[in-house]
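One structure is given here, and the rest of the page talks about it.
Naming convention: chains lettered A, B, ... in sequence-line order (proteins, then strands); numbering from 1 in each chain. Computed from a predicted model, the values in this text were never measured in an experiment.
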Amino acid sequence: MTEKYNPKLLEKNIQDHWESNKVYESKIDQREKFYCLSMFPYPSGKLHMGHVRNYTIGDVISRYKRMQNYNVFQPMGWDAFGLPAENAAIQNKVNPKDWTNQNIKNMKNQLKSLGLSYDWSKELRTCDPSYYKWEQLIFKKFHDAGLVYRKKSLVNWDPVDKTVLANEQVIDGKGWRSGAQVELKEIDQWFIKITNYAEELLESLESLDWPENVKLMQKNWIGKSFGAEIIYQLEESDKKLKTFSTRPDTIFGVSFLALSPNHPLSIEIAKNNAKVMDFLNLCKESKAAEADMATAEKLGIDTGIRVIHPITEERLPVWIGNFVLLEYGTGVVMGVPGHDSRDYEFATKYNLDIKQVIQLEDETELPILEKGRLVNSDDFNGMSSEEASSKIIKHLTKVGKGSELTQFRLRDWGVSRQRYWGCPIPVIYKNGEPEMVQEKDLPVVLPELSEGSSPKPLSQIPDFIELDKDVLRESDTFDTFMDSSWYHARFTSSENDKEIFDNNTKYWLPVDLYIGGIEHAILHLLYSRFFHKALRDIGMVDGDEPFKRLLTQGMVLKDGAKMSKSKGNTVDPQAYIDKYGADTVRLYMMFTSPPEQSLEWSESSVEGASRFLKKVWALVSGRKFESFDINNLEFDKNDIELRRKTHATLKKVQNDYEIRFAFNTAIAAIMELLNFIPDDYKDDAASDSNKFCLNEAIIFILKMLSPIAPHICEHLWREYQYDNENIEIWWPEYNEDLLDAEEFELIVQVNGKVRGKILLNKDLTEKEIEEIASQIENVKTHIGDSQIKKSIYVKDKLLNFVI
RNA sequence: GGGGAUGUGGUGGAACUGGUAGACACGCUUGGCUUAGAACCAAGUGCCGCAAGGCGUGGGGGUUCGACUCCCUCCAUCCCUACCA
């Protein structure tokens with residue numbers, strides 16, 4: 001009788017062993033390094049399935065790389081500032097700091113129970129002054145490098161609670177707590193000039209080993225577009241309006257201009273025009289989120305002001321449109337209803353002229369969005385869009401009414417947040433003039449809240465704000481994306497309280513593999529890339545990019561929907577870790593779907609994962625390695641087949657782990673190998689050659705499975721006593737010579753339909769194969785009396801007779 | 001509205017380079033073991049059909065000897081949309 005598989009006890013023992021021997025603490029050595037980073041979590045209190053999936057992927061790869069003799073660094077920490085702590089603090093009357101720290105404690109225990117091979121000695125939390133001190137320093141350095149400025153921008157304002165709301169706190173235009181109609185309000189904020197790096201952020205995407213869809217999303221987000229700046233003269237005024245258009249070829253189709261409601265001219269007009277004022281106020285009843293702006297009904301008002309068309313000198317009306325963003329381009333849109341669907345919708349609604357100036361080969365209804373040939377465009381008629389664009393730009397440049405212009409969609413990064421639980425922005429105001437806090441005075445520490453008091457914006461904490469007569473402290477905190485934009489670098493030097501980065505940083509950076517949710521494809525990853533480049537330019541880090549390779553995992557769903565508290569469909573991973581053990585949960589997560597796809601949670605599949613581990617246990621437990629001299633063994637057909645399967649599986653698993661990240665198919669292959677072992681090989685009476693082949697299969701299975709199910713494999717490895725090494729010390733090698741079989745199965749098709757399968761020797765010629773295949777009964781039947789027009793042969797695979 | 005993905009049996013998924021659709025699992029059915037159940041073991045399991053055979057990868061169309069894979073088009077779901085992280 002063998003011992004029963006008891007994951008709970010076994011896993012605890014193995015984990016204690018890892019911890020007391022500091023197995024996963026990394027330091028610089030001679031081997032090739034591998035920095036494997038999973039996106040650190042927001043400490044919400046409990047691990048959710050998405051975390052488990054993310055961190056298992058990272059751990060599998062880390063363990064695999066470790067077995068391949070890389071010097072692996074896999075740290076973990078906490079993205080500890082943010083809105084949820086404030087919400088929880090208000091709801092439960094606890095201090096955000098205590099709440100956060102308690103959550104971290106819980107989640108750390110959970111992570112440990114999953115058997116993740118983290119180097120906990122490098123742990124960091126962004127809410128700790130020892131971390132954000134350096135963030136404040138970076139901000140100061142960015143400022144000194146000319147990357148920081150102040151400007152007004154829009155926020156969601158709750159007029160009842162008198163607070164700024166995040167987009168997610170605005171529900172159907174109302175504040176989530178007060179229920180009051182939210183207003184757009186302009187306030188002064190700090191910005192960082194990420195747009196200085198727009199070109200480089202775009203270009204160096206090419207050098208990254210990232211999924212193409214993520215690169216494409218970033219490219220589109222940065223949104224480089226070529227076009228023209230076109231200047232319109234206001235009638236009876238010396239004022240001008242600048243517009244940007246990517247389609248200067250449609251300039252003869254302009255029938256109106258539309259200003260953003262926040263454009264200075266709109267505001268000026270409103271001062272003397274009550275109707276316009278009303279309209280601007282109406283526009284304020286909106287939400288700052290782009291998705292809401294873009295889907296809102298298009299509204300506009302005629303300002304009564306007219307401009308002169310730069311070429312035709314026609315008078316065109318100037319409207320204000322709620323769909324025009326001040327932040328993009330110049331905040332003025334030139335309306336070409338014939339060739340832009342949004343302008344078309346607007347013009348139809350307000351009875352504005354719709355002119356066709358582009359024609360396609362075939363008749364098409366307006367609006368025509370494609371490029372074509374110009375019509376109704378004076379001297380430019382008949383030209384292609386491309387030719388006309390460049391000629392029109394040339395003409396406008398000559399007459400001083402425009403010029404060629406390249407525009408980015410990317411906007412500068414507003415980093416000010418009017419919140420308590422964040423990193424204080426290290427600025428003081430002397431007589432209203434901002435000044436960076438000196439390096440020696442950092443960190444500016446977040447003030448403690450008095451017992452039981454709710455978090456409040458720092459502006460309401462006089463002890464913090466008021467420094468001296470006419471000397472005030474900045475009361476905003478940083479966007480939490482600031483915290484997460486450089487943590488990957490700080491992990492390497494987190495033990496150093498004298499310097500922000502050190503020699504360890506030089507050794508470990510860049511991150512070789514970064515793993516996280518697809519939802520971070522744009523913002524977090526773009527900000528981190530920007531930070532890295534800006535830090536490089538102030539001499540703090542080396543290299544152009546922080547993350548060499550990226551793996552984006554899909555969501556964990558239940559019943560086709562994202563798990564969320566509001567839907568009440570969350571599944572607590574801890575319950576499953578307790579019931580089945582970490583190895584089963586890890587195996588389930590890796591087996592159920594490939595990492596990049598979303599994963600549908602299914603309880604019964606967990607059962608299946610557990611069953612497989614029990615089978616592995618049943619095969620190995622109680623068995624000891626027996627040594628044989630391979631030269632004395634004679635392998636029969638079954639032996640050779642098992643060895644082929646064993647070595648082929650290793651080859652496949654290596655490819656799946658390393659190249660494809662297809663852990664699901666790697667596991668399926670290991671399952672196949674296990675199923676392939678003949679029962680009599682497991683018998684005590686089996687021949688020496690049988691036993692040798694079984695030994696080999698067992699060794700390979702434990703090694704291949706150990707990155708995914710490290711506890712059970714380590715335990716069985718010790719018990720099996722092949723060597724006295726830790727299972728993670730080495731990785732087996734497959735023998736290419738064993739992979740080739742003498743025979744193959746030929747698929748015989750007639751007109752592309754399978755009509756026969758036949759086992760053939762590989763040294764037959766194509767002619768011989770055709771002859772044999774054409775004699776198969778079912779093939780003969782389907783060919784009948786017909787003439788074979790041609791046959792297509794795919795070597796060692798398929799033969800198709802076309803009749 | 002814009003950008004990016006996904007869609008294959010009852011379920012999760014496989015098919016890596018245009019070449020056997022459904023690997024590997026889950027579930028289900030039948031049988032074995034058992035007083036019974038659980039667990040375990042064995043066999044079967046895309047759909048229609050007695051069978052021969054036909055049909056089948058979200059819908060429609062196309063390219064090809066051959067399409068889950070390439071092209072066009074439509075539909076559904078998910079992610080992001082700059083203050084959730």
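To the nearest 0.5 Å, atoms CH2 (A/W221) and CD (A/Q218) are separated by 10.5 Å.
Within the nucleic acid shown, A/V214 has no heavy atom closer than 4.0 Å to any nucleic acid atom. Contact annotation for A/A521: no contact, since no heavy-atom pair falls under 4.0 Å across all strands. Among the atoms of the strands shown, none is found under 4.0 Å from any heavy atom of A/A609. Residue A/P594 is classed as a sugar-phosphate contact, given heavy-atom separations below 4.0 Å to backbone atoms only. Residue contacts for A/F591: at a heavy-atom cut-off of 4.0 Å it reaches a base atom on one of the strands shown. Within the 4.0 angstrom heavy-atom criterion, base atoms lie near A/I792. Residue A/E745 is classed as a base contact, given a heavy-atom separation below 4.0 Å to a base. At a threshold of 4.0 angstrom between heavy atoms, the contacts of A/F323 with the nucleic acid are absent. Using a 4.0 Å heavy-atom criterion, one finds that A/S341 contacts no nucleic acid atom at all. Residue contacts shown for A/N778 are limited to sugar-phosphate atoms, with no base heavy atom under 4.0 Å away. Using a 4.0 Å heavy-atom criterion, one finds that A/L410 contacts the bases of the nucleic acid, with or without backbone contacts as well. In this structure, A/K795 reaches neither bases nor backbone, as no heavy-atom distance under 4.0 Å exists between it and the strands shown. If you check every strand for non-hydrogen atoms under 4.0 Å, A/E519 touches a base. At a threshold of 4.0 angstrom between heavy atoms, the contacts of A/H524 with the nucleic acid are absent.
Dashed line: the shortest gap from a side-chain N or O of A/N220 to OP1 or OP2 of B/G4 is under 4.0 Å. Distances shorter than 4.0 Å separate some side-chain N or O of A/T480 from OP1 or OP2 on B/A85. Between A/N675 and B/A25, a side-chain N or O to OP1/OP2 separation shorter than 4.0 Å is present. Between A/R660 and B/A15, a side-chain N or O to OP1/OP2 separation shorter than 4.0 Å is present. Proximity of A/N87 to the phosphate of B/C84: no side-chain N or O atom is located under 4.0 Å from OP1 or OP2. Contact annotation: A/R409 does not reach the phosphate of B/A82 (side-chain N/O to OP1 or OP2, under 4.0 Å). Of the side-chain N and O atoms in A/R411, none sit less than 4.0 angstrom from OP1 or OP2 of B/U81.
One can place CE of A/M555 at 6 Å from C1' of B/C79, the figure rounded to the nearest angstrom. Atom NZ of A/K757 and atom C1' of B/G19 are 13 Å apart (whole Å). Atoms NZ (A/K753) and C1' (B/G54) sit 8 Å apart, rounded to a whole Å. If you measure from atom CG of A/L83 to atom C1' of B/C83, you get 8 Å, rounded to the nearest angstrom. In this structure, A/M590 places its CE atom 17 Å from C1' of B/A14, rounding to the nearest Å. Rounded to whole Å, the distance from CZ on A/F676 to C1' on B/A23 is 14 Å. Summarising the geometry, the separation between CG on A/L746 and C1' on B/G19 is reported as 11 Å, rounded to the nearest angstrom. In this entry the distance linking CG of A/N751 with P of B/G19 reads 19 Å, nearest Å.
Annotation for A/K219: atom NZ does not count as buried by contact number, only 12 or fewer foreign heavy atoms lying within 6.0 Å.
Residue A/W221 has its side chain nearest to B/U81 when only B/C65, B/U81, B/C83 are considered. Closest to the side chain of A/K790, out of B/G1, B/A82, B/C65, is B/C65. Here the nucleotide nearest the side chain of A/I522, chosen from B/C80, B/A82, B/A14, is B/C80. Comparing B/C84, B/C24, B/C83 by their closest approach to the side chain of A/Q418 singles out B/C83. Side-chain proximity of A/R419 to B/A14, B/C83, B/A5: nearest is B/C83. Which of B/A82, B/A5, B/C24 sits closest to the side chain of A/N167 comes down to B/A82. Candidate nucleotides B/A15, B/C65, B/C16 were compared by shortest atom distance to the side chain of A/V802, and B/C65 ranks first. With B/A14, B/G19, B/A25 as the candidates, the nucleotide lying closest to the side chain of A/K797 is B/G19. With B/C84, B/G19, B/G1 as the candidates, the nucleotide lying closest to the side chain of A/Q749 is B/G19. The listed nucleotides are B/U81, B/G13, B/G53; the one nearest the side chain of A/H782 is B/G53.
For the 3.5 Å distance criterion, the side chains of A/R660 and A/T665 qualify, holding a donor opposite an acceptor.
Judged by distance alone, with hydrogens and angles left aside, A/Q189 brings a side-chain donor or acceptor within reach of the base of B/C83, the pair sitting under 3.5 Å. Side-chain atoms of A/Q169 and base atoms of B/C84 include no donor and acceptor less than 3.5 Å apart.
The main-chain N or O of A/D583 is never found under 3.5 Å from a side-chain atom of A/Y580 such that the two would form a donor-acceptor pair. One N or O on the side chain of A/Y657 and one on the backbone of A/M704 form a donor-acceptor pair closer than 3.5 Å. Panel note: side chain A/R419, backbone A/E86; no donor-acceptor pair is recorded below 3.5 Å.
Across all strands shown, the partner of B/A42 is B/U30, judged by Watson-Crick or G-U wobble contacts whose two distances both fall under 3.5 Å. Pairing partner, B/G7: B/C75, with both Watson-Crick or wobble hydrogen-bond distances short of 3.5 Å. With a 3.5 Å ceiling on both atom-pair distances, B/G66 lacks any Watson-Crick or G-U wobble partner. Of the nucleotides present, B/U81 is the one that pairs with B/G1 by Watson-Crick or G-U wobble criteria, both distances under 3.5 Å. Base pairing analysis places B/A52 opposite nothing; no Watson-Crick or G-U wobble pair with both distances below 3.5 Å involves it.
Between A/Y576 and A/W601, the distance from one ring center to the other falls under 6.0 angstrom.
Distance check on atom P: B/G22 versus B/C47 gives 14 Å, rounded to whole Å. Here the separation of B/G18 from B/U69, taken at their P atoms, is 11 Å to the nearest Å. Rounded to whole Å, the P atom of B/A51 lies 26 Å from the corresponding atom of B/G59. Taking atom C1' in both B/C55 and B/U6, the straight-line distance is 26 Å, to the nearest Å.
Residues A/S598 and A/R611 each lie close to RNA chain B; by heavy-atom proximity, the contact nearer the 5' end of the strand is made by A/S598. Residues A/P84 and A/V794 each lie close to RNA chain B; by heavy-atom proximity, the contact nearer the 5' end of the strand is made by A/V794.
Ion pairing between A/K780 and A/E777 holds under the 4.0 Å rule for side-chain N and carboxylate O. Note on A/E297 versus A/K349: salt bridge recorded, some NZ/NE/NH1/NH2 to OD/OE distance being below 4.0 Å.
Taking the O4'-C1'-N9-C4 or O4'-C1'-N1-C2 dihedral as appropriate, B/G27 has a value more than 90° from 0 and is therefore anti.
Nearest heavy atoms, A/M76 versus A/S38: CE-O, 4.2 Å.
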